[in-house]
Amino acid sequence: MNIEEKIVNVITQILTDKYGITADEGMVMIEIPKDNGNGDYSTNIAMRLTKVLKRRPQEIAEEVREELLKRLDFVDDIQIAGPGFINFWLRKDAMANIINTVIEKGDAYGHSDAGKGLKVLEEYVSANPTGPLHCGHARGACWGDSVARIMNAAGYECTREYYINDAGAQMLNLGKSLLGRYRELFGLDFEMPEDGYYGPDVIEIAKEIKEKDGEKYLNMPKEEAIEELREVGRELELNRIKKDLAYYRCSFDSWISEKWILSEGLVEDSIEKMKKMGLLYEKDGALWFESSKYGDDKDRVLVKSDGYYTYLTPDIANHIHKFDRGYELLVNIWGADHHGYIARMKAAMEALGYPRDNLQVDLCQMVRMIEDGKEVKMSKRTGNAITLRELIDDIGIDCARYFFLSKALDTHLDFDLTLARTQSNDNPVYYVQYAYARICSVLRQAPNGFHVQDFYGLLNDPKEIDLLKYISTFTDVVADCAINRTPNKICNYVQKLATYFHSFYGACKINDVNAPELSNERLALCEATRITLKNALNLLGVGAPEVMENKENNE
RNA sequence: GUCCAUGUAGCUCAGCUGGAUAGAGCAUCCGCCUUCUAAGCGGACGGUCGGGAGUUCGAAUCUCUCCAUGGACGCCA
């Protein structure tokens with residue numbers, strides 16, 4: 001148990017003993033004041049009690065303070081300040097206990113059971129297998145991946161799933177486009193659909209098919225060829241997507257396809273279910289879902305008058321299937337263009353009896369690529385949208401992921417390619433990685449390594465205390481980021497942790513032959529920092545290099 | 001028109017489940033390498049938190065309203 005938790009527990013106990021109040025979770029809050037003059041920790045509990053007790057906050061604070069002084073053995077002083085804050089100053093050695101906690105837990109430092117094993121299914125990327133992933137997908141991809149890493153660290157059981165949209169008109173279009181490109185390779189007359197796929201990937205795949213199958217598709221009826229090429233194209237495009245995602249360090253536990261859902265009869269089942277529940281009606285030859293009764297703007301068509309399903313219909317079956325598999329919380333990361341779609345899916349889930357909030361949709365806003373202050377819409381090489389692969393070949397995986405993850409998902413993102421390319425202090429990802437490499441260097445240079453001690457009594461420089469305190473908040477930060485699905489806050493954490501370390505490094509000589517005891521304690525602090533930083537970077541899927549290449553060599 | 005975001009320093013953004021004097025990076029300026037990685041550190045400058053009203057011990061944070069920007073509003077996917 002860390003110091004914050006201890007304080008929270010004692011305060012909670014005091015509320016019960018003294019005022020007969022059972023504190024809800026989140027009632028007692030402990031924070032680290034921005035200003036060191038306000039103590040090492042602080043709580044606003046006295047102010048929060050004013051409404052309940054109908055008394056002045058200062059009076060309450062004074063009473064709580066007296067109780068705290070009796071019950072806490074690791075505090076040096078407690079004072080009341082301002083409108084009723086209770087501020088704590090800790091004994092100098094109390095803070096340093098975090099070092100051994102971190103070292104003992106190692107890779108697991110930062111983990112918690114905040115999620116209480118809740119089974120979560122996170123669906124993300126889910127791009128149609130009709131072409132390569134582009135920069136917009138790149139944002140949602142690393143975001144979803146990082147959210148899953150964070151949730152799993154915080155005690156959720158998060159499964160990552162990719163919904164392959166492979167049953168619609170888009171796929172037919174791919175088949176047609178492939179046939180066109182394929183015939184082109186033989187020098188035959190060919191036609192490309194007006195809204196076909198003109199990217200280089202289709203030409204490359206057509207070549208692959210030609211090499212493998214020769215003239216096979218020339219010797220069959222056109223419709224048949226399109227159908228077969230659609231299937232072959234789906235596999236090859238999907239393999240490319242899988243490869244890109246893996247390279248980008250985005251992993252998936254499950255790939256589920258729209259076609260599979262259809263072939264299993266899940267769509268008929270869900271329509272049948274909704275019919276029985278009286279949620280559907282027929283009008284103008286189509287089958288409608290009365291979603292407007294569940295918060296949607298208007299009702300939605302499930303089966304068109306031509307007999308085909310709308311996009312929504314198999315996706316409802318998909319979501320039912322998720323709940324049926326025992327997932328308690330569904331998280332979807334959707335492009336902002338799917339905004340209007342949220343209300344209908346939530347309506348469908350609610351109508352079917354699933355609590356509305358068990359489906360959470362996080363929207364990924366648009367990404368604009370900026371180069372030298374101007375928007376670049378197209379890749380110079382291909383003339384098409386810039387692909388994920390091009391982006392990471394250009395700036396590197398660490399950099400791409402960090403840039404996307406550092407901004408809240410629902411804000412428009414201007415991605416500064418020029419900045420991302422700079423290997424200098426302008427570039428925030430290097431700042432953090434440099435701190436990590438620096439720590440490793442310091443640890444390497446310790447003449448005899450270091451050993452863990454039972455107590456660390458010599459760490460009392462303000463820079464050391466700041467660093468210790470900040471390390472101790474990591475577990476709470478991870479839990480908070482998991483609950484709110486905000487990897488960008490891990491980026492903030494990592495920046496700040498690096499700053500505290502650099503600052504400590506500048507102020508304190510770590511390897512000092514004239515002060516071996518102090519050196520040992522400082523090295524232990526370095527090790528705790530290193531572990532924390534590495535774990536944090538791992539949650540982002542960003543590398544922690546032990547050596548930073550020299551800047552000049554990178555020109 | 002309806003719905004949803006967003007609006008914070010010159011720029012890019014944190015902070016938003018109400019807390020103390022609103023933060024960081026970049027840019028600008030001033031210091032610090034004979035010393036463990038200067039891709040670093042310390043400091044200065046920079047603000048009507050889009051405008052207005054309200055809620056209360058307290059508002060960048062919550063409510064209302066107005067303004068601005070972006071997106072979504074299909075028997076497309």
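In what follows, every chain begins at residue 1, and chains take the letters A, B, ... in the order their sequences are listed. No experiment lies behind these values; they were computed from the predicted model shown.
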Please state the P separation for the pair A14(B) and A24(B) - nearest whole angstrom.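 It works out to 16 Å between them.
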Pick the C1' atom in A77(B) and in C64(B), then give their distance to the nearest Å.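 It comes out at 39 Å once rounded to the nearest Å.
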Which part of the nucleic acid, if any, lies within reach of [X] when heavy atoms closer than 4.0 Å are counted: base, sugar-phosphate only, or nothing?
{"X": "Asp480(A)", "answer": "base"}
{"X": "Asn38(A)", "answer": "base"}
{"X": "Val547(A)", "answer": "base"}
{"X": "Glu546(A)", "answer": "base"}
{"X": "Cys508(A)", "answer": "base"}
{"X": "Ala446(A)", "answer": "nothing"}
{"X": "Pro57(A)", "answer": "nothing"}
{"X": "Asn87(A)", "answer": "base"}
{"X": "Asp297(A)", "answer": "nothing"}

Choosing from [options], which nucleotide comes nearest the side chain of [X]?
{"X": "Gln445(A)", "options": "C41(B), G74(B), C36(B)", "answer": "C36(B)"}
{"X": "Trp288(A)", "options": "A14(B), A20(B), C75(B)", "answer": "C75(B)"}
{"X": "His339(A)", "options": "C75(B), C4(B), G74(B)", "answer": "C4(B)"}
{"X": "Lys407(A)", "options": "A39(B), C75(B), C13(B)", "answer": "C13(B)"}
{"X": "Lys304(A)", "options": "G40(B), A77(B), U37(B)", "answer": "A77(B)"}
{"X": "Thr50(A)", "options": "A72(B), C57(B), G15(B)", "answer": "C57(B)"}
{"X": "His412(A)", "options": "G70(B), C36(B), A77(B)", "answer": "G70(B)"}

Strictly by Watson-Crick or wobble contacts shorter than 3.5 Å, is anything paired with U37(B), and which nucleotide is it?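 Paired with no nucleotide.
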Identity of whatever pairs with G58(B) - Watson-Crick or G-U, under 3.5 angstrom: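 Across any shown strand, G58(B) pairs with none.
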Give the rounded distance in Å between these two atoms: CG of Asn128(A) and C1' of A77(B).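 Asn128(A) atom CG is separated from A77(B) atom C1' by 7 Å.
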Rounded to the Å, how far apart are Arg444(A) CZ and C36(B) P?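 Checked: the CZ to P distance equals 14 Å.
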Under 30°, 30 to 60°, or over 60°: which ring-plane class applies to Tyr294(A) and Phe289(A), parallel, tilted or perpendicular?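 Correct class here is parallel.
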Does Phe85(A) lie flat on the base of A20(B), that is, centres under 5.5 Å apart and planes under 30° off?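 Yes, aromatic ring over the base.
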Aromatic contact between Phe415(A) and Phe404(A), with the criterion being ring centroids under 6.0 Å apart: yes or no?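 Ring centroids of Phe415(A) and Phe404(A) are less than 6.0 Å from each other.
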